[in-house]
Amino acid sequence: MSSDDDMPLARTNGHLSAEKISKAEDRAMDIDSNVRMRPAPLSIRYGPIDDDDAPLVNGNGKRKSRSSAGNVNYHESDGENSRSTKRHKKAVVDDSDSDVPIKSRTRLPPAANETAVAEDSDDDIPLNKKLADKRKSIDKAAEKEAKTIRANEAKAKKQALKKVVKDESDDDTPLSGVKSRKRAVNGTNGKAKSTSVKQADSDSDTPMRKKAKTATPRAKVKTEQTSSGKKPPAKKAKKELSEDPADAEDDEEEYRWWDQAKADDSIKWQSLEHNGVLFPPEYEPLPKNVKLIYNGTPVNLHVEAEEVAGFFGAMLNSAHNVENPVFQKNFFNDFKDVLKRTGGAKDRQGAKVDIKEFSKLDFQQIFDYYQAEKDQLETPFMYCKWDGRKEKVGNFRVEPPGLFRGRGEHPKTGKVKSRVMPEQITINIGKEAQVPRPPEGHKWKAVQHDNKATWLAMWQENINGAYKYVMLGAQSTVKGQADLKKFEKSRELKKHIAKIRKDYERDLKADSMADRQRATAVYLIDRFALRAGNEKDAENEAETVGCCSLKFEHVTLREPNTVIFDFLGKDSIRFYDEVTVDRQVFKNLRVFKKSPKKEGDDIFDRLTTSQLNKHLSNYMAGLTAKVFRTYNASFTMQKLLNEVKDEERTVAEKIKLYNDCNREVAILCNHKRTVGASHEAQMEKLADRIKALKYQVWRNKQMMLDLDSKLKKKRGAAFFELDPDLDEAWILEHQNFLVEELRTKIQKKFEKDNQKLQEAGEKIMPDKELKERLKDADELAKKHKKENKSKKIEAEGKAPTIEKIEANAKKIEERIRTIELQAADRDGNKEVALGTSKINYIDPRLTVVFATKFNVPIEKIFSKTLREKFNWAIKSVGDDDSWQF
DNA sequence: TCCCCTACTTAGCACAGGAGCA
DNA sequence: TGCTCCTGTGCTAAGTAGGGGA
């Protein structure tokens with residue numbers, strides 16, 4: 001550490017905002033009142049921009065479609081699109097005194113989503129406006145709801161006073177249905193509390209003591225990397241002598257095989273070296289008391305036969321396989337072969353046992369042995385007794401040694417994570433309980449009996465000194481209770497949200513810099529679901545930020561009220577969003593970025609997460625920044641699900657609708673996943689399949705006309721028209737494909753038939769037969785030609801009728817719908833991870849209500865583990881589809 | 001007040017297994 | 001029936017946040 005340590009205030013460059021903001025300064029940030037403001041607050045991360053000068057818009061006002069090239073690997077350290085502070089310092093323009101439009105600087109947002117806006121694309125109302133309206137309506141609803149809740153509270157209080165009813169101390173008990181909701185309403189009076197809020201915080205204008213941990217260590221790391229990164233020149237010569245041929249690859253330049261034309265591709269290589277293969281370990285024979293039973297008699301087998309019996313025996317829990325007659329037959333044939341070869345089976349006395357029938361084999365002992373071997377290791381650790389109840393333990397395995405896989409640009413990624421010894425592990429257990437015995441020759445670090453902690457064992461890992469805990473599984477009571485408490489807390493926020501918003505809107509104009517920063521931060525957390533952003537140790541962790549730790553370069557301002565966030569958030573996932581904000585928020589951010597602040601300086605230099613949370617807790621006990629994410633996610637989900645109309649739909653369609661809502665929430669929370677390399681190809685495949693089916697529908701309809709030409713008038717010409725996705729050129733290509741496909745199929749079948757004949761010792765068929773068979777493909781080609789010429793398609797099948805053909809066409813249309821849904825779902829989900837919001841943010845009771853209301857089996861939405869985790873939600877809501885978040 | 005320690009939730013990734021398709 | 005691709009699950013990293021001592 002350098003002398004920077006002594007710098008009292010900021011973490012980085014040390015540039016601070018002034019303590020107070022004068023009226024004049026505030027006014028100076030104003031702009032011409034004639035400038036058209038954009039609706040705010042609004043995120044356009046996944047939607048279009050209707051701004052004239054916005055670079056993301058193409059000529060016809062629609063958002064540019066993204067090619068796969070636009071997909072970003074957020075973890076890639078030096079990819080064109082990755083823009084961590086460090087990586088793109090040069091690219092970021094210092095806009096300390098000129099937050100001018102950044103037209104030329106803006107890049108395509110990485111995660112714009114086509115399907116997310118598809119529905120609205122042809123609407124006359126600009127999408128921005130629509131989204132803003134939507135947001136407003138959600139806010140209004142929240143406000144309205146808060147009012148209702150407060151009114152109910154007041155009413156309930158009155159009644160309570162009147163009747164002097166007994167103490168309602170069960171506020172914390174699980175709620176279910178409307179009755180419970182009414183009960184929950186009797187909380188604390190937010191108004192009285194929030195009055196004290198301002199007083200408590202108004203004197204908080206003292207600068208932060210944020211240590212300057214960043215600059216020096218960073219530079220140091222860099223130098224170390226460079227000096228050690230260079231390879232010694234002698235290495236290459238040494239490599240040639242290496243015993244491992246693969247080693248020779250390391251220093252070679254990229255082999256650009258695609259640039260080289262190869263005349264003769266039958267020669268695949270000129271030289272080839274390798275080390276053969278790695279074998280699995282030798283088979284370990286079963287203990288003497290574990291036998292295969294045949295017809296009630298335990299039999300002795302040669303070790304080779306025993307191993308084969310063990311293959312089957314170990315699989316008894318896989319009914320899918322072992323109950324399959326083909327599987328059984330094949331196994332038994334091979335097993336008999338091995339028996340024959342190895343001297344067969346013998347009983348205890350050494351007498352031969354003739355194994356003739358599969359059904360008489362009993363593998364139970366073998367299965368039990370293998371199972372016990374596994375269980376012996378695992379079972380004792382899988383459950384614990386918590387208050388006398390059997391509860392499942394979550395992660396009972398000590399993390400094995402290996403290499404630390406830090407995410408993003410973690411400075412310690414790749415370091416050796418050493419083996420955890422019993423001497424490092426602390427056990428937490430009941431006083432009366434028997435302390436588990438450490439492995440032979442070892443002892444625990446400590447044994448404690450802290451019943452305020454939920455963990456069973458704990459150790460500290462060697463890389464970051466992080467604590468690792470063995471805790472109960474997600475399906476356990478204690479975790480379920482914590483989950484319920486979390487969602488009840490965020491439901492409680494509904495009562496206070498209007499007041500909180502009103503207050504921060506007022507404080508956005510506060511004279512005190514600290515108050516103004518706090519108000520602005522709460523605004524961003526509330527409106528754009530930013531995380532709190534605790535301080536991080538820049539030397540030992542990846543440089544990621546959240547709201548309070550946003551730096552100068554993470555926020556770009558574009559007049560009149562657009563803010564562009566671009567930073568790496570949790571897990572080094574890029575957060576990129578262009579949002580419109582209230583003008584005052586825009587002005588404030590300009591103030592917070594004002595010179596002399598520059599890159600590396602904190603935007604919120606007079607605010608920490610502790611202060612922020614302390615302020616929030618004045619509104620409601622336990623209210624922290626994190627609660628806003630849960631609240632906004634669940635509240636949004638409810639609004640979206642409420643908009644789903646009860647129309648006739650298939651289960652698949654309803655699930656798609658649910659996923660669409662889930663996706664909006666996931667986008668709100670910025671939950672991402674990497675797009676699989678094969679995604680594009682998969683989508684193309686699906687599109688091809690849809691086209692092929694559409695072609696089939698069209699052919700069927702033409703066949704109907706073939707049977708009754710008057711149908712065209714009766715049904716209207718449109719019914720028989722070719723789908724606009726298909727054209728003549730495509731049909732020709734597809735017809736060729738079908739013919740070729742048939743040819744290949746015939747050829748393969750012919751070869752297979754011949755192989756069978758050969759195996760049976762019979763004479764194989766001559767090529768003449770193949771030619772004969774291939775005539776079917778020729779016929780098909782001829783048929784296509786004829787159809788194309790006559791523009792007529794003859795009815796196919798046995799005794800074709802219009803009804804039959806139409807039914808067939810409908811069936812195909814149904815398949816098209818299913819695949820189209822699938823395709824849309826898949827494309828929409830390609831870079832959005834739905835799981836995280838489903839598991840952590842969306843109140844599961846909302847999902848239960850949706851499933852009940854729309855008659856969707858809950859297992860279609862919640863997997864087995866999720867059903868176990870959310871058992872409390874499933875049971876508490878039951879059939880009550882009126883439950884509201 | 002600050003900072004470290006501790007305990008817990010939230011998060012994405014890897015991989016196995018099985019569903020479903022050609 | 002083989003193969004592809006999707007889903008579920010386990011793993012563990014990376015957050016948030018509260019408590020307490022200097």
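The basis for the numbers below is simple: all heavy atoms, side chains too, and nothing from hydrogens, waters or symmetry mates. Quick note on labels: first sequence line is chain A, next is B, and so on, each numbered from 1.
Interface remark: the A/Lys570 side chain does form a donor-acceptor pair with the B/dT10 base, using a distance-only criterion of under 3.5 Å.
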Could I get a table of every N or O pair under 3.5 Å where one atom is in the protein and the other is in nucleotides 10-12 of chain C?
from, atom 1, to, atom 2, distance (Å)
C/dC11, OP1, A/Arg397, NH1, 3.0

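Nucleotide C/dG8 holds its C1' atom 15 Å from the CD atom of A/Glu859, rounded to whole Å. Remark: P of B/dG12 and CZ of A/Phe575 are 13 Å apart, rounded to the nearest angstrom. Taking atom CG of residue A/Asp450 and atom C1' of nucleotide B/dA7, one finds them 10 Å apart after rounding to whole Å. At whole-Å resolution of the value, NZ in A/Lys864 and P in B/dA16 are 19 Å apart. Regarding A/Ile463, its CD1 atom lies at a distance of 8 Å from the P atom of C/dA13, rounded to whole Å. Atom P of nucleotide C/dA17 and atom CZ of A/Arg629 are separated by 11 Å, given to the nearest angstrom. If you take CD1 of A/Ile573 and P of C/dA14, they are 11 Å apart, rounded to a whole angstrom. Atom CG in A/Asn534 sits roughly 11 Å away from atom C1' in C/dA14 (whole-Å rounding).
No close placement of the A/Phe575 and A/His554 rings is indicated, their centers lying 6.0 Å or farther apart.
Here A/Glu488 pairs with A/Arg491 in a salt bridge; the nearest charged N to carboxylate O distance falls below 4.0 Å. At a threshold of 4.0 Å, the pair A/Lys869-A/Asp483 counts as salt-bridged, since one of the basic side-chain nitrogens sits closer than that to a carboxylate oxygen. Comment: A/Lys417 engages A/Glu399 in a salt bridge, judged by a side-chain N to carboxylate O separation of less than 4.0 angstrom. Between A/Lys452 and A/Asp450 there is no salt bridge, since no side-chain N of the basic residue sits under 4.0 Å from a carboxylate O of the acidic one.
Within the nucleic acid shown, A/Met458 comes within 4.0 Å of sugar-phosphate atoms alone, with no base atom in reach, counting heavy atoms only. A/Gly546 comes within contact range of no nucleotide atom at all, as no heavy-atom separation falls under 4.0 Å. Using a 4.0 Å heavy-atom distance criterion, A/Gly406 is classed as a sugar-phosphate-only contact. Among the heavy atoms of the strands lying under 4.0 Å from A/Lys452 are primed sugar atoms or P, OP1, OP2 only; no base atom is included. Here A/Ala482 lies in heavy-atom contact (under 4.0 Å) with sugar-phosphate atoms only.
Close to B/dG12, at under 4.0 Å from its OP1 or OP2, lies no side-chain N or O of A/Arg405. Within the 4.0 Å cut-off from OP1 or OP2 of C/dT16, not a single side-chain nitrogen or oxygen of A/Thr624 is found. The side chain of A/Lys672 places no N or O atom within less than 4.0 Å of a non-bridging phosphate oxygen (OP1 or OP2) of B/dA11. Under 4.0 angstrom from either OP1 or OP2 of B/dT10 there lies at least one side-chain N or O belonging to A/Lys626. Proximity of A/His671 to the phosphate of B/dA11: a side-chain N or O atom is located under 4.0 Å from OP1 or OP2. Considering only side-chain N and O atoms, A/Thr609 lies nowhere under 4.0 angstrom from the phosphate OP1 or OP2 of C/dT16. Under 4.0 angstrom from either OP1 or OP2 of C/dG18 there lies no side-chain N or O belonging to A/Ser610. For the OP1/OP2 pair of B/dT9 and a distance below 4.0 Å, the side-chain nitrogens and oxygens of A/Tyr469 include no atom meeting the criterion. Of the side-chain N and O atoms in A/His410, one or more sit less than 4.0 angstrom from OP1 or OP2 of C/dA14.
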Stepwise side chain to side chain donor-acceptor pair (under 3.5 Å) check, A/Glu541 with A/Asn464: CA-CA 9 Å; A/Glu541 294 177 281; A/Asn464 303 299; over 6 Å; no
A/Ser837/A/Asn662 under side chain to side chain donor-acceptor pair (under 3.5 Å): CA gap, chis, key distance, verdict: CA-CA 7 Å; A/Ser837 46; A/Asn662 190 167; 3.1 Å; yes
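Comparing C/dT16, C/dA14, B/dT9 against the side chain of A/Lys486 picks out B/dT9 as the nearest.
Classification of the A/Phe381-A/Phe396 ring pair by plane angle, with boundaries at 30° and 60°, yields parallel.
With 3.5 Å as the limit, one finds a donor-acceptor pair spanning the side chains of A/Tyr658 and A/Thr847.
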